[in-house]
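Here is the structure we will look at, set down as structure tokens.
Atoms within a ligand are numbered from 1 in the order they appear, just like the ligands themselves.
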Amino acid sequence: MLLAIDCGNTNTVFSIWDGERFIATWRTSTEWQRTADQYYVWLSTLMHFQKIEVDITEVIVSSTVPRVVFNLRVFADRYFNTRPIVVGKDGCVLPVDVRVDAGTAVGPDRLVNTVAGYNLYGGDLIVVDFGTATTFDVVDSDGAYIGGVIAPGVNLSLEALHQAAAALPHVDITKPQNVIGTNTVACMQSGVFWGYIGLIKEICARIKAEHGREMKVISTGGLAPLFQQAEALFDEFNDDLTMHGLVVINEHNRKNI
Ligand SMILES: Nc1ncnc2c1ncn2[C@@H]1O[C@H](COP(=O)(O)OP(=O)(O)OP(=O)(O)O)[C@@H](O)[C@H]1O
Ligand SMILES: CC(C)(CO)[C@@H](O)C(=O)NCCC(=O)O
Ligand SMILES: [K+]
């Protein structure tokens, strides 16, 4: 069975794929100090708790944090006796072309998202991921990754206001009733929420105009539904998009070996 690991700058998600579906998914904060043994104690406790008794024989990792990769390699080797595939590293081949400026290291999460998007929905896509950053990634008609947009994440934007301005509190995102806020929290939520609605619409419209073809917009990440409920911004929402991409890339590479 496959263990797929998606390390973001904020959270790391572990999912077990049984060949047909994800039988379990767990989330932990990303900390580069965490050792292979700590990963195993955490994972085996959760597996035991959910009575999941499976043999993990393959591991694939996508990490936007370079420092965590070493310990995840040790983890895969020590506890599952396998060499992990690490997206973006030697030994991992993508099933699609990457057409960006020479020397550019595209975030593996962005590549994985576009592989998943192409596999599920075909070409000419915009994939929007609401993580630490909000990323827009463009898939050409042949599935190639051809670039995108990086914007500050929703929670990061709110946190930046709190960090930089003494009188602004920590606030969680929500859809405000009105645009005109009548208290500090409502004003901040309005700025980020409606600002984001505008950002998403503007960026998608400009990408479509620049690309010059009909495009589908696919969203992923916990915050996508919050924006979608205010306006129909996305054609599809897929919470497991990154995990699905890891499964596709794993199968592609295991076939090639
Ligand atoms: N209504 C909400 N308000 C605030 N946070 C939310 C809400 N819905 C979901 N979230 C949070 O949004 C985050 C979305 O997870 P996702 O994996 O997409 O990004 P992340 O883990 O924050 O970023 P990264 O992948 O870059 O580490 C989760 O931490 C989830 O708890
Ligand atoms: C943009 C993020 C932070 C989104 O997770 C990640 O994909 C990343 O660190 N990318 C590296 C630079 C790039 O993708 O061009
Ligand atoms: K993510």
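Those atoms of ligand 1 with a heavy atom of Ile173 less than 4.0 angstrom away are 3 (N), 4 (C). Shown in contact with Asn11 at under 4.0 Å from a heavy atom are these atoms of ligand 1, numbered in order with element: 20 (P), 21 (O), 22 (O), 27 (O), 29 (O). Residue Thr132 approaches ligand 1 through these ligand atoms, each under 4.0 Å from one of its heavy atoms: 23 (O), 24 (P), 26 (O), 27 (O). Under a 4.0 Å criterion applied to the non-hydrogen atoms of Asn9, ligand 2 contributes the atoms 3 (C).
At the top of the distance list for atom 25 (O) of ligand 1, counting protein heavy atoms only, stands Gly8 CA, 3.9 Å. At the shortest separation from atom 6 (C) of ligand 1 among protein heavy atoms lies Leu223 CD2, 3.5 Å. Nearest protein heavy-atom contact of atom 10 (N) of ligand 2 is Gly107 CA, 3.4 Å. The nearest protein atom to atom 12 (C) of ligand 2, hydrogens excluded, is given as Ala105 O, 3.7 Å; this is a heavy-atom distance. Closest to atom 14 (C) of ligand 1, if we only count protein heavy atoms, is Gly222 N, 3.6 Å. Here the heavy atom of the protein found nearest to atom 11 (C) of ligand 1 is Asn155 ND2, 4.7 Å. Atom 16 (P) of ligand 1 has as its closest protein heavy atom Arg27 NH1, 3.8 Å.
Note on ring orientation: taking the six-membered ring where Trp is involved, the planes of Tyr79 and Tyr40 are parallel (angle under 30°, cut-offs 30° and 60°). Ring geometry for Phe234 versus Phe130: interplanar angle over 60°, hence perpendicular rather than tilted (30 to 60°).
Counted by atom type alone, Tyr118 and Asp142 present zero donor-acceptor pairs between their side chains at under 3.5 Å. Counting only N and O atoms by type, the side chains of Asn238 and His244 include no donor and acceptor under 3.5 Å apart. A donor-acceptor contact closer than 3.5 angstrom is absent between the side chains of Asn113 and Asp137. Side-chain polar atoms of Arg34 and Thr12 form no donor-acceptor pair below 3.5 angstrom.
Heavy-atom separations between Leu226 and ligand 1 are all 4.0 Å or longer.
Looking at Gly131 next to ligand 1, no N or O pair under 3.5 Å apart turns up. The shortest N/O to N/O separation between Asp129 and ligand 1 does not fall below 3.5 Å.
Counting only non-hydrogen atoms, the option in Asp109, Thr64, Thr104, Thr134 that gets closest to atom 4 (C) of ligand 2 is Asp109.
Contact annotation: for Pro108 versus ligand 2, there are no heavy atoms closer than 4.0 Å.
Using a distance-only test at 3.5 Å, with no hydrogens or angles considered, no donor-acceptor pair links the side chain of Asp97 to the main chain of Ala144.
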